[in-house]
Amino acid sequence: MTATPVRLKYEVKDLALAPMGKQRIEWAGREMPVLAQIRDRFAKEQPFAGIKISACCHVTTETAHLAIALKAGGADAILIASNPLSTQDDVAASLVADYGIPVYAVKGEDNDTYHRHVQIALDHRPNIIIDDGCDVVATLVQQRKHQLPDLIGTTEETTTGIVRLRAMLRDGALTFPAINVNDAETKHFFDNRYGTGQSTLDGIIRATNILLAGKTIVVAGYGWCGKGTSMRARGMGANVIVTEINPVAAIEAVMDGFQVMPMDEAAKRGDIFVTVTGNKGVIRGEHFDSMKDGAIVCNSGHFDIEIDLEALKGRASEVKTVRTFTEEYKLKSGKSVIVLGEGRLVNLAAAEGHPSAVMDMSFANQAMGAEYLVKNKGKLEPGVYSIPVEADQEIARLKLQAMGFTIDALNADQIQYVNSWTSGT
Ligand code: NAD
Ligand code: SAH
């Protein structure tokens, strides 16, 4: 007789790492005052009593604070990684050992393990899914339709996940409400722009320790992440080239003072390439062929498909690790191309992702989005919903207050003026 495999209550690298994780989680908390206020309110109001939540996020010090807030609010919450390379093993250990939150995530897990953890998130039979990239939701809809009646709804963290949810809606596959956290102004204005801007350069620097001043950095995509990355690269003294497919975004890049050209041309000029498009095959075989010897390529956008690594492997005679998260592809042509973080998000693979101060607002939106779903259980039609403007404004107000800034308020005369149409020139 074969024994039924025992499902582990958690899967982390090493529980002995917990003390370091706890210390780092506490440090991150200093920069997350908005989420702390929400956590304290949740602790009193218990909005998630009796609610099962499966969260699929990067397992970082910042996500730890989200998980702790959900638990404080009464949730039966589990956490899995949203990327095979982004897990901070000490944080995963501390969440299990110090905070009693089941975590299934190990830095460097292979794809099979990643997808097995997605299945574990669904075995939890969640009422709420907090997703980052839509992998758990897409798996639920494709493989576990019978569990859909359990689901109140889902909240989605990132641009790519929203693109997938909208495609599901078009195909009639979205049969529940989904909260679009990414499009909250207090999310993408700060997280995608300043967070990605800083942490992408942090990832490049930690992986390579190279000087950015005087280098030519090619940024593919001038959306929120691209704007932040270009702005910060320029700040470090790099010459920035932008590639785009959207004429409006391209004009914006031109007027922001960047060079704009097709990747075919940029490929010849760049020292470092960063993809942030949310698309696939942005850097392809023909581009590797024309790059300088020793060009560095990395991705801070979408899974590991923005860079066509298969095409690169096909051209390589040897691949060797030259530093942590830094691989040199020696090409048959004699040149080398350096790939950071296996083409996965360089800011989370080689560094620690966005700083806590921006994740404070992103995860305040996640927490309030999940609460909104529970409060409105059974009342929302299937669809992709924005975070209510009032919640977005409240998060901004709390953040500003915590940062020690005050602003003006409209006076009665101004309110009357902005609501009238009769007085003109
Ligand atoms: P966005 O929609 O604002 O911008 C993407 C831009 O890329 C658009 O302007 C689009 O026209 C352009 N683009 C699309 N295909 C292109 C191509 N082939 N070549 C050049 N440009 C192209 O999206 P965003 O918010 O900037 O997010 C971009 C990606 O980054 C998404 O996959 C998102 O999920 C991810 N993201 C990553 C992080 C991180 O921590 N690394 C943070 C936020 C978002
Ligand atoms: N899961 C997919 C999709 C992109 S993830 C993937 O890994 O390829 C991009 C998201 O990561 C962003 O929207 C951002 O909010 C989140 N992120 C960035 N830094 C983070 C951090 N320190 N902790 C948790 N999430 C972070």
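Counting starts at 1 for both ligands and their atoms, following the listed order. Quick note: numbers below take in every heavy atom, side chains included, and nothing from hydrogens, waters or symmetry partners.
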Practice task
Please say whether the positively charged group of R193, taken as NZ for Lys or CZ for Arg, lies over the ring of F189, i.e. under 6.0 angstrom from the six-membered ring centre and within 45 degrees of the axis.
Solution key: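 Here R193 passes the 6.0 Å and 45° test against F189.
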Problem - Within 45° cone and under 6.0 Å: R344 NZ/CZ vs F303 ring - result: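 Output no; distance or angle outside limits.
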Counting non-hydrogen protein atoms only, what is the nearest one to [atom]? Give residue, atom name and distance.
atom: atom 34 (O) of ligand 1; value: T158 OG1, 2.8 Å
atom: atom 15 (N) of ligand 1; value: N279 ND2, 3.1 Å
atom: atom 42 (C) of ligand 1; value: T196 OG1, 3.3 Å
atom: atom 22 (N) of ligand 2; value: E62 OE1, 2.9 Å
atom: atom 23 (N) of ligand 2; value: T60 OG1, 2.7 Å
atom: atom 2 (C) of ligand 2; value: F303 CE2, 3.5 Å
atom: atom 5 (C) of ligand 1; value: T277 O, 3.6 Å
atom: atom 4 (O) of ligand 1; value: G223 CA, 3.1 Å
atom: atom 39 (C) of ligand 1; value: N347 ND2, 3.4 Å
atom: atom 2 (O) of ligand 1; value: T159 CG2, 4.0 Å
atom: atom 30 (O) of ligand 1; value: G301 CA, 3.2 Å
atom: atom 10 (C) of ligand 2; value: D132 OD2, 3.4 Å

Quick one: [atom1] on [X] to [atom2] on [Y], what's the gap to the nearest 0.5 Å?
X: L140; Y: L148; atom1: CG; atom2: CG; result: 4.5 Å
X: H287; Y: T243; atom1: NE2; atom2: OG1; result: 8.5 Å
X: D392; Y: M361; atom1: CG; atom2: CE; result: 10.0 Å
X: T63; Y: L66; atom1: OG1; atom2: CG; result: 6.5 Å
X: T155; Y: F363; atom1: OG1; atom2: CZ; result: 9.5 Å

Indicate yes or no: does an N/O atom of [X] lie under 3.5 Å from an N/O atom of ligand 2?
X: L345; value: no
X: H354; value: yes
X: N83; value: yes

Practice task
For residues Y104 and Y10, establish whether the separation of their ring centroids is below 6.0 Å.
Solution key: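 Centroid distance Y104-Y10: not below 6.0 Å, so no.
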Exercise for the section: Test D132 against N83 for side chain to side chain donor-acceptor pair (under 3.5 Å), laying out the working first. Expected result: CA-CA 9 Å; D132 175 342; N83 182 304; over 6 Å; no
Please examine the side chains of [Y] and [X], heavy atoms only from C-beta on, and report whether any two atoms are closer than 4.5 Å.
X: I283; Y: E306; answer: no
X: V136; Y: L122; answer: yes
X: L85; Y: L348; answer: no
X: K399; Y: T186; answer: no
X: L79; Y: L95; answer: yes
X: T154; Y: F176; answer: yes

Exercise for the section: Return yes when S300 approaches ligand 1 closer than 4.0 angstrom through a heavy atom, no otherwise. Expected result: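 Judged by the 4.0 Å heavy-atom criterion, S300 does count as contacting ligand 1.
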Practice task
State if H354 counts as touching ligand 1 under the rule of any non-hydrogen atom under 4.0 Å.
Solution key: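 In this structure, H354 qualifies as a contact of ligand 1 - some heavy atom is under 4.0 Å.
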Problem - From the candidates L345, N182, V276, V346, the one that places a heavy atom nearest atom 28 (C) of ligand 1 - result: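 Heavy atom nearest to atom 28 (C) of ligand 1 belongs to V276.
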Handout entry: Options E352, M359, R164, ranked by nearest heavy atom to atom 20 (C) of ligand 2, top entry
Key =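 Among E352, M359, R164, the closest heavy atom to atom 20 (C) of ligand 2 comes from M359.
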Atom indices of ligand 2 within 4.0 angstrom of [X] heavy atoms, with elements:
X: G353; result: 19 (N), 22 (N)
X: E157; result: 13 (O), 14 (C), 15 (O)
X: K187; result: 12 (C), 13 (O), 15 (O)
X: T63; result: 23 (N), 24 (C)
X: F363; result: 24 (C), 25 (N)

Could you tell me, atom by atom, which parts of ligand 1 come under 4.0 Å of a heavy atom of [X]?
X: T243; answer: 20 (C), 21 (N)
X: N192; answer: 25 (O), 43 (C), 44 (C)
X: H302; answer: 32 (O)

Handout entry: E244 N/O under 3.5 Å from ligand 1 N/O
Key =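 There is such a contact, yes.
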Problem - Sub-3.5 Å N/O-N/O distance, A220 and ligand 1 - result: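 Among all N and O atoms of A220, none is under 3.5 Å from an N or O of ligand 1.
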Exercise for the section: Measure from the side-chain N and O atoms of K332 to the backbone N and O of G314, and report whether any donor-acceptor pair falls under 3.5 Å. Expected result: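 Yes, the answer is positive, given that a donor and an acceptor are paired below the 3.5 Å cut-off.
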Problem - Expected output: side-chain Q88 to main-chain T61 donor-acceptor under 3.5 Å - result: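 Pair found, side chain donor or acceptor close to backbone of T61.
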Practice task
Under 4.0 Å, heavy atoms only, figure out whether ligand 1 is touched by the backbone of I245, its side chain, both or neither.
Solution key: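 Answer for I245: both.
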Exercise for the section: Applying side-chain contact (heavy atoms from CB on, under 4.5 Å) between D131 and each of V137, V118, L165, V181, report the one that passes. Expected result: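 Exactly one pass, corresponding to V137.
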Handout entry: T158 contact mode with ligand 2 (heavy-atom cut-off under 4.0 Å)
Key =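 The part of T158 near ligand 2 is both the backbone and the side chain.
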Exercise for the section: Say whether T160 and ligand 2 are in contact under the criterion: heavy-atom distance to a ligand atom below 4.0 Å. Expected result: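 Outside the 4.0 Å threshold, so no.
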